[in-house]
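Excluded from the calculations below are hydrogen atoms, water molecules and symmetry mates; all remaining heavy atoms, backbone and side chain alike, are included.
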Amino acid sequence: MTDSPRDRIPGYLAALSVFGGGWAAFARHVVRSGTPLPARYAVTDLLLGGVATHKFARLISKEGVTTPLRAPFTEFQGVAGSAEVNEKVREGHPLHTVGELLTCPFCLAPWISSAYVAGLVVAPGIARTWAAVFTVVGGADMLQHVYAQVRAD
């Protein structure tokens with residue numbers, strides 16, 4: 001049985017509520033603690049955060065090593081190459097929306113980037129360290145692809 005997008009509205013509403021609730025909790029923390037919000041963000045923080053978010057979203061949603069996180073919600077479809085796999089969200093699963101989120105790098109990006117930007121406010125050193133790690137990993141991945149292409153020619 002295939003459920004329609006309309007049947008998924010309760011799951012989507014729950015995901016939106018969790019996302020919005022996370023931002024509300026962050027705002028509450030900032031107000032209660034008196035933590036100042038930056039007037040602006042450094043371009044380097046945003047660029048590194050964008051690259052790191054991209055890499056981390058692909059790691060969670062596509063890489064074979066994170067299959068155990070997705071397995072309760074997905075069915076393996078095949079190897080996609082470059083350490084990635086293709087998976088399909090289990091139809092009719094009560095937590096279908098979680099499966100959609102965990103298999104979609106585009107869907108994960110707002111969650112990841114929100115955590116990163118909040119981290120820049122409450123723990124900037126940790127947030128920047130996380131971004132540096134995944135930006136370096138993303139760069140290394142790109143070089144692996146370039147190297148493979150050069151070797152193939």
Arg90-His96 side chain donor-acceptor pair, cut-off 3.5 Å: no
Between Thr67 and Phe76, is there a side-chain heavy-atom distance shorter than 4.5 Å? no
When clusters are formed by joining ILVMFWY residues with side-chain heavy atoms under 4.5 Å apart, either directly or through shared neighbours, do Val121 and Leu46 land in the same one? yes
Between OG1 on residue Thr74 and NZ on residue Lys88, distance to nearest 0.5 Å: 11.5 Å
If Ile, Leu, Val, Met, Phe, Trp and Tyr residues are connected whenever their side-chain heavy atoms lie under 4.5 Å apart, and connections chain through other members, are Val30 and Trp23 in the same group? yes
Looking at Phe19, Trp111, Phe73, which one forms a side-chain contact (heavy atoms from CB on, under 4.5 Å) with Leu101? Trp111
Is there side-chain contact between Val122 and His29, with heavy atoms separated by less than 4.5 Å? yes
Rounded distance (nearest 0.5 Å) linking atom CG of Leu108 with atom OG of Ser113: 10.5 Å
What's the spacing between Asp141 CG and His54 NE2 if we round to 0.5 Å? 8.5 Å
Checking the side chain of Thr66 only, and the main-chain atoms of Leu59 only, is there a donor and an acceptor separated by less than 3.5 Å? yes
Leu95, Leu69: one ILVMFWY side-chain cluster at the under-4.5 Å cut-off? yes
How long is the gap from CG on Leu48 to OG1 on Thr53, to the nearest 0.5 Å? 10.5 Å
Could you tell me whether the side chain of Leu120 reaches within less than 4.5 Å of the side chain of Tyr41, counting heavy atoms only? yes
If two hydrophobic side chains count as joined below 4.5 Å and joins carry through other members, does Val31 share a cluster with Phe26? no
CD1/Ile126: more than 12 non-hydrogen atoms of other groups inside 6.0 Å: no
Parallel, tilted or perpendicular: ring planes of Trp130 versus Phe134, cut at 30 and 60 degrees: tilted
Who pairs with Ala80 by side chain to side chain contact (heavy atoms under 4.5 Å, CB included), at least two apart in sequence or on another chain? Glu84, Asn86
Distance-only, no hydrogens or angles: does the Arg70 side chain make a donor-acceptor pair with backbone N or O of Val89 under 3.5 Å? no
Quick one: CD1 on Ile60 to OG1 on Thr103, what's the gap to the nearest 0.5 Å? 12.5 Å
Please say which of Ile112, Thr135, Val133 ends up in a side-chain contact (heavy atoms from CB on, under 4.5 Å) with Phe56. Ile112
How long is the straight-line distance from CG of Leu143 back to NE2 of His145, given to the nearest 0.5 Å? 10.0 Å
Residues sharing Val146's hydrophobic cluster, by side-chain heavy-atom contacts under 4.5 Å among ILVMFWY, directly or via others? Val150
Less than 4.0 angstrom from a charged side-chain N to a carboxylate O is my criterion; do Arg8 and Glu100 meet it? yes
Walk me through it: do Lys55 and Glu63 pass the test side-chain contact (heavy atoms from CB on, under 4.5 Å)? CA-CA 10 Å; Lys55 178 56 193 168; Glu63 289 200 18; 2.6 Å; yes
With heavy-atom distances below 4.5 Å as the criterion, would you say the side chains of Asp45 and Arg128 are in contact? yes
Would you say Val18 and Val98 are hydrophobically clustered, going by side-chain heavy atoms of ILVMFWY under 4.5 Å? yes
Keeping the roles fixed (side chain from Tyr116, backbone from Ala52), state whether a donor-acceptor pair exists under 3.5 Å. no
Any side-chain heavy atom of Ser61 sitting closer than 4.5 Å to one from Phe106? no
For Ser82, the side chain to side chain donor-acceptor pair (under 3.5 Å) test, sequence neighbours excluded, returns none
